[in-house]
K.L.:
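My questions will all concern the structure given below.
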2 protein chains.
Amino acid sequence: MSQPGLFRLDFFKAIPMGEELNERSRRILEAIVEDYICTAEPIGSRAVSRRHQIGLSPATVRNVMADLEEMGYIVSPHTSAGRVPTDKGYRFYVDTLLQVGQLDAQQKSRIEQYYRLDGLRVEERLREAGKVLSAISSYAGVVMIPRFTSTVFRHIEFLKLSHGKILVIFVSRSGLVQNKVIETETPISQHELEQVSNYLNQTLTGLSIQEIKAKTVRDMTEEKTTYDQLLRRALELSREVLSEEIGGEVFIEGASNILEQSEFKDMDRMKRLFRAFEQKSLLVELLDKSQRAKGVQIFIGSESEYSEIEGCSLITANYSSSRGTIGTLGVIGPSRMNYSQVIPVVDYTARLVSQVLEIEFE
Amino acid sequence: MSQPGLFRLDFFKAIPMGEELNERSRRILEAIVEDYICTAEPIGSRAVSRRHQIGLSPATVRNVMADLEEMGYIVSPHTSAGRVPTDKGYRFYVDTLLQVGQLDAQQKSRIEQYYRLDGLRVEERLREAGKVLSAISSYAGVVMIPRFTSTVFRHIEFLKLSHGKILVIFVSRSGLVQNKVIETETPISQHELEQVSNYLNQTLTGLSIQEIKAKTVRDMTEEKTTYDQLLRRALELSREVLSEEIGGEVFIEGASNILEQSEFKDMDRMKRLFRAFEQKSLLVELLDKSQRAKGVQIFIGSESEYSEIEGCSLITANYSSSRGTIGTLGVIGPSRMNYSQVIPVVDYTARLVSQVLEIEFE
DNA sequence: GCTTAGCACTCCTGATGGCCGAGTGCTAAC
DNA sequence: GTTAGCACTCGGCCATCAGGAGTGCTAAGC
């Protein structure tokens, strides 16, 4: 049935066609998605007609459902089961039907309660944010540490290691400490390194890394012929430090929450998901993508070619300083996720994290 | 059957009693453990008698097995199944029967291959070690970052944050960077902090944290009445920094390997295990315990009251610098673990890590 | 006196089949 | 355009059954 290319008799009925869904189909799709989110079981026409005063008989609902299925918004797992939303169905629901409320004060304070911040390092705070997200949403919380390049310079330190390697410690204005090992061709003494540190700390404080990059390039061309050994060294080293990304590490907290979800009774699927969690590169990619966008982002299932997280959705929001976005956090759970509840939680947590990090600024 | 307190007819047979196991029982226990490690299925008397030329009929083996069961080394899941080792059985096997070989050159180089170390931070190296352990053993690898207190001082840096808080960055001689936020009652300027940093960096370099602790206490009592503002400040701050443990973070790598193990088809058990992984405090405790001991340690199942890791074993070894143990790493897997293979891998990896960290010393 | 063959027994496993209920698509009537 | 009715499908559940693996016990053998 419903072979592509063949006309069906009811093709010309006043039933939603193409991309348009009429009011009735929308409401039915909405009912299916929402019921399925609650129950995790295929939804039948009878259930839809009974619930939520759509004044329609099961038979009518069945007709609409058949159309929704043909259009790819829902599928039935087997002949005599109800229907289940597809990724396309979720996407339509999220983009068009979903109404996200604000968190009420109680929920906010519940989030804030979780968020203990006394005397914690930035990293720990971010990790804590992940735990909050996972605890409140009961899915998994993900947090990406700020990338070096999106932070503001506060302090740099060079320490000489053996074999011509140098340990660079970099502190951002929000108190995030990152480090990196670089190698130099020309040997340099610890004393010189200290001079370079001092010089950079004096000249760069308060600049964003982007600005520093620009400045470095400018200085390098300008002072190519400089005889100031110190300056040359400083430029060389900063170029080396800036040459490669630092950070972008991802924390996943509460992954075990996902085990509770009934869709992961299927061991195989779960294994794949956990492997993806371990590898992290996939998540980094998604979170990077999200960081380039604004506001709450929703990635649904295997949209966008990531088969590993098939059946999962990711809701993200960016956290930021006064200078703009610095990182991303979110929640990952089954596509059958309680979007209307989780979205405001992610949104609010991102705001909270932004605030908390701001406090550290001197 | 075998009710405690009742004599059995064969109680006085020349069969192992009390803690002693005779040669025959040992060989049978060994066969059961080893077969079970391979197959993950209860081992019957027939299988034992056939395998590994014990010149005994199944019936005889059955008698011995009944005794082993009574003594608590094995159990049978149900009447008509074979026997499975208990924790006590594994313990006896590991302590008495197991013969651990050396790794051959090929295996060593396989481990070394995994271990790419160019230009990595210490933390990343340790994480990498966890990945190696998990990949080679196909269980989960665990690595505990050195605790502050077991390292050697290289460099300290104080940076002022808002609200009287101070960010302390601490670098150990092996290049490990850790940081911490402390609070002081009396306000202090960034300039003073720099003086303190300089002072401490000059006086403390090359001392172990233990030595510094001792020195600080000594200095404090000696110079209680000092009018040297700088020295007082330095002492105050170091006390604050030393007042609490830093580090002891645990990485778990390749946890998804454990999903492959047939004993974790039981979802519930798996969930508990993953929750324990997430909480980490349990692992920290175990690894701390191991760090206090010498050589390869083996924790089996729910020995020592940790019910969360029931059915799992943990094999650990310490890695060290020339000044002694600095951290611990290991492998966690099902009790039904290939001990003879994993033990030398853990041992060798610990040595390798020790070497690699040593390289950084200046 | 230890060892072993034999035997009855237990219990898990997997296959089979029947029943029930939920849900469907289609048709015809409203 | 909507709905009632109906035949049909199919998964889930349960009971049944046969097969097999393994056991404990007993009695015979070395």
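Naming convention: chains lettered A, B, ... in sequence-line order (proteins, then strands); numbering from 1 in each chain.
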K.L.:
Taking the basic N atoms (NZ, or NE/NH1/NH2) and the acidic carboxylate oxygens, is any pair closer than 4.0 Å for Arg83(A) and Glu69(A)?
P.N.:
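Looking at Arg83(A) and Glu69(A), the cut-off is met.
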
K.L.:
Testing Glu308(B), Glu310(B), Glu278(B) for salt bridge (Lys or Arg N to Asp or Glu O under 4.0 Å) with Arg272(B), which one passes?
P.N.:
Glu310(B)

K.L.:
By nearest nucleotide on DNA chain C, pick out whichever of Pro58(B) and Met65(A) is the more 5' one.
P.N.:
Pro58(B)

K.L.:
Figure out the CZ/C1' separation between Arg50(A) and dG23(C), and round it to whole Å.
P.N.:
12 Å

K.L.:
May I ask you to evaluate whether Arg46(A) reaches the phosphate of dT3(D), defined as a side-chain N or O under 4.0 Å from OP1 or OP2?
P.N.:
no

K.L.:
Which part of the nucleic acid, if any, lies within contact of Ser76(A), taking any heavy atom under 4.0 Å across all strands shown: a base, the sugar-phosphate backbone alone, or nothing?
P.N.:
nothing

K.L.:
Could you give the CZ-to-P distance, from Arg24(B) to dC2(C), as a whole number of Å?
P.N.:
9 Å

K.L.:
Would you say the side chain of Glu253(A) lies within less than 4.5 Å of the side chain of Leu133(A), judging by non-hydrogen atoms?
P.N.:
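No, their side chains stay 4.5 Å or more apart.
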
K.L.:
Name the closest nucleotide to the His78(A) side chain, picking from dT3(D), dG11(D), dT4(C).
P.N.:
dG11(D)

K.L.:
Between Tyr73(B) and Ser25(B), is any side-chain donor less than 3.5 angstrom from a side-chain acceptor?
P.N.:
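No, no side-chain donor-acceptor pair sits under 3.5 Å.
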
K.L.:
In whole Å, I'd like the distance from the CD atom of Glu41(A) to the P atom of dG11(D).
P.N.:
15 Å

K.L.:
What's the closest nucleotide to the Ala66(B) side chain, out of dT2(D), dT4(C), dG24(D)?
P.N.:
dG24(D)

K.L.:
If you only use heavy atoms from C-beta on, which nucleotide in dG24(D), dT3(C), dG23(C) is closest to the side chain of Glu69(B)?
P.N.:
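Within the option list, the nearest is dG24(D).
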
K.L.:
Between dG25(C), dA4(D), dT4(C), which nucleotide has the shortest distance from any of its atoms to the side chain of Ser57(A)?
P.N.:
dA4(D)

K.L.:
Please state whether the phosphate of dT24(C), meaning OP1 or OP2, lies under 4.0 angstrom from any side-chain nitrogen or oxygen of Arg83(A).
P.N.:
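So the side-chain polar atoms of Arg83(A) do come within 4.0 Å of the phosphate oxygens OP1 or OP2 of dT24(C), strictly under.
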
K.L.:
If you check the Ala59(B) side chain, which of dA5(C), dC10(D), dT24(C) turns out closest?
P.N.:
dA5(C)

K.L.:
Taking the six-membered ring for Trp and the single ring otherwise, decide whether the centroids of Tyr93(A) and Tyr90(A) are under 6.0 Å apart.
P.N.:
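No.
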
K.L.:
Grab the CD1-P distance between Ile28(A) and dT24(C) for me, whole Å please.
P.N.:
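About 12 Å, once rounded to whole Å.
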
K.L.:
Starting at CD of Glu70(B) and ending at C1' of dT23(D), how long is that distance when rounded to a whole Å?
P.N.:
15 Å

K.L.:
Does the side chain of Thr79(A) get closer than 4.0 angstrom to OP1 or OP2 of dT9(D) through an N or O atom?
P.N.:
no

K.L.:
Any side-chain heavy atom of Glu260(B) within less than 4.5 Å of one from Lys271(A)?
P.N.:
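With C-beta onward as the side chain, the pair touches.
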
K.L.:
Restricting to non-hydrogen atoms, name the atom on Ile258(A) and the atom on Gly333(A) that form the minimum distance, rounded to 0.1 Å.
P.N.:
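Looks like CD1-CA, 4.3 Å.
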
K.L.:
Is Thr60(A) near enough to dT3(D) that one of its side-chain N or O atoms lies under 4.0 angstrom from OP1 or OP2?
P.N.:
yes

K.L.:
Once you round it to whole Å, what is the distance between P of dT23(D) and CG of Asn63(B)?
P.N.:
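For the pair Asn63(B) CG and dT23(D) P, the rounded distance is 11 Å.
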
K.L.:
Starting the side chain at C-beta, find the nucleotide from dC12(C), dT10(C), dG5(D) nearest to Arg62(A).
P.N.:
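The answer is dG5(D).
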
K.L.:
Counting distance only, does the side-chain N/O of Arg46(B) pair as donor-acceptor with the main-chain N or O of Pro58(B) below 3.5 Å?
P.N.:
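No: the side chain of Arg46(B) does not pair with the backbone of Pro58(B).
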
K.L.:
Runs of at least three consecutive Watson-Crick or G-U pairs, both distances under 3.5 Å, are what I'm after; which ones involve DNA chain D?
P.N.:
C:1-30 with D:1-30

K.L.:
From OH of Tyr36(A) over to P of dG23(C), roughly how many Å is that when rounded to an integer?
P.N.:
14 Å

